[in-house]
Amino acid sequence: MTHPGEKRQLGIAERDCRVLPEDFRSSFDTLFASMFTDTAKLDSTIAQLARNLSRCVEQIAL
């Protein structure tokens with residue numbers, strides 16, 4: 001089970017952040033759904049989150 005505040009933090013980020021990585025919400029939904037059931041899906045989702053965050057940071061730096 002995830003910590004109850006984790007999903008709340010997503011909503012705060014969506015409300016307050018001017019820039020978020022691509023597929024922000026859906027990636028975290030997938031992460032939470034696969035966290036304790038599908039390690040391959042979990043690994044690929046974490047890698048996708050990292051790539052999307054990296055792209056987001058690169059775009060902001062321009």
Side-chain angles (χ1 to χ4, degrees):
M1 177 184 288
T2 62
H3 184 277
E6 290 172 342
K7 290 184 180 177
R8 193 171 332 125
Q9 289 174 343
L10 290 175
I12 292 168
E14 289 172 327
R15 182 190 72 212
D16 295 344
C17 294
R18 163 176 84 86
V19 177
L20 290 171
E22 184 179 345
D23 300 324
F24 180 76
R25 172 61 77 163
S26 63
S27 294
F28 275 99
D29 288 344
T30 301
L31 178 82
F32 294 145
S34 63
M35 194 175 280
F36 302 106
T37 59
D38 186 344
T39 57
K41 184 72 165 174
L42 178 66
D43 289 346
S44 67
T45 302
I46 291 171
Q48 177 187 6
L49 281 163
R51 282 190 305 274
N52 290 349
L53 181 59
S54 180
R55 286 187 203 123
C56 186
V57 170
E58 288 172 6
Q59 289 175 355
I60 293 171
L62 297 177

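These values consider heavy atoms only, across backbone and side chains, with no hydrogens, waters or symmetry-generated copies.
Counted within 6.0 Å of CZ on Arg8, heavy atoms from surrounding residues, nucleotides or ligands total 12 or fewer; the atom is thus considered open.
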For residues 45-62, which side-chain donor-acceptor pairs fall under 3.5 Å, sequence neighbours excluded?
unit_1, atom_1, unit_2, atom_2, d
Thr45, OG1, Lys41, O, 2.7
Asn52, OD1, Arg55, NH1, 2.9
Asn52, ND2, Glu22, O, 3.0

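Ile12 and Leu10 are not part of a single hydrophobic cluster, where members link through side-chain heavy atoms under 4.5 Å apart.
Shown here are the side-chain contact (heavy atoms from CB on, under 4.5 Å) partners of Glu14, two or more places apart in sequence or in another chain: Leu20, Phe24, Arg25.
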